[in-house]
Amino acid sequence: AADGDDTPLTNIVALASQRLELAEPVARWKWANHKPITDAPREAALLADVEKSASAAGVDPAFARAFFQDQIDASKQVQNALFDAWQKTRPPEGAPPDLATSTRPQLDRITQSMIAGLARVQGMRDAPDCPSRVARSIANWKALTRYGATGSSALATALGHVCSTGGVGAVG
Ligand SMILES: O=C(O)C(=O)C[C@]1(C(=O)O)C=C[C@@H](O)C=C1
């Protein structure tokens, strides 16, 4: 319904935000180990895995794929911004958490929660008010947390295909 419960959207916004927080430890590991930000085989494996899990959970695999492509793009936006900042100044001190044994397992757990979350937003994807409801959920989330320009733009990227029309609407 147009005045329906927005809890599923709030959940997906919170999960996308939680996932974006992990872009920092990922970027720190890559910087410290002189690795490029993009790992194409990991992306391909993740997207293939997501399609399978989505089908099993009753989520349209094309929707899941588009949503996770956005999560990857958003993560890379944040990682690139961090690399730029570290080039200009200096990287953070201390050893980063290990990518394979620490941060990727955390990402994989969020993936499972996100697929469950997508099953619950699927029914509102086609509603004409979907983009404005997503925009409102993002605005509410930002009011509760601290978001800079990079984080805001990455969060919008991450939620760009929640609605079937694509894009995040205006608040109001
Ligand atoms: O796992 C990594 O290496 C990441 O940088 C994270 C991530 C992702 O968002 O899942 C993003 C970019 C890489 O190309 C692969 C995956």
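The shown structure was predicted, so the numbers you read here are calculated from the model rather than taken from an experiment. Only this structure's heavy atoms are used, side chains among them; waters, hydrogens and symmetry mates stay out. Remember, it's 1-based here, ligands and their atoms both numbered in the order they're listed.
If you check which protein heavy atom lies closest to atom 12 (C) of ligand 1, you get K76 CG, 3.7 Å. The closest protein non-hydrogen atom to atom 5 (O) of ligand 1 is K30 NZ, 2.6 Å. Ranking the protein heavy atoms by distance from atom 1 (O) of ligand 1 puts R104 NE, 2.8 Å first. Distance from atom 9 (O) of ligand 1 to its nearest protein heavy atom, with residue and atom name: R19 NH1, 2.9 Å.
Assignment of L22 to the shell around ligand 1 is not supported, since no heavy atom sits closer than 4.0 Å. Distances from ligand 1 to the non-hydrogen atoms of K35 include no value under 4.0 Å.
In summary, the atoms of ligand 1 found under 4.0 Å from a heavy atom of V26, numbered by their order in the structure, are 4 (C), 5 (O). Under a 4.0 Å criterion applied to the non-hydrogen atoms of S75, ligand 1 contributes the atoms 9 (O), 11 (C). For ligand 1, the atoms closer than 4.0 angstrom to any heavy atom of R42 are 1 (O), 15 (C), 16 (C). Near E43, meaning under 4.0 Å from one of its heavy atoms, ligand 1 places the atoms 12 (C), 13 (C), 14 (O), 15 (C).
No salt bridge links R120 with D5; every basic N to acidic carboxylate O contact stays at or beyond 4.0 Å. Salt-bridge formation is not detected for the pair R28/E93: no Lys NZ or Arg NE/NH1/NH2 atom is positioned less than 4.0 Å from an Asp or Glu carboxylate oxygen.
Distance check, rounded to the nearest 0.5 Å: CD of Q112 to CG of L15 gives 11.5 Å.
In terms of modelled atom types and a separation under 3.5 Å, the side chain of S53 and the main chain of V50 share no donor-acceptor contact. Looking at K30, its side chain never comes within 3.5 Å of a backbone N or O of K35 through a donor-acceptor pair.
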Practice problem: Dump the intermediate steps for side chain to side chain contact (heavy atoms under 4.5 Å, CB included) on L46 and I72, then the final yes or no. | Solution: CA-CA 10 Å; L46 185 137; I72 292 169; 4.0 Å; yes

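Counting only heavy atoms from C-beta outward, the side chains of Q71 and M114 approach each other to under 4.5 Å. Contact annotation: the side chain of D70 never approaches that of V162 to less than 4.5 Å [non-hydrogen atoms, C-beta and beyond].
When non-hydrogen atoms are compared, ligand 1 lies under 4.0 Å from neither the backbone nor the side chain of T103.
Distances between N or O atoms of D39 and those of ligand 1 include at least one value under 3.5 Å.
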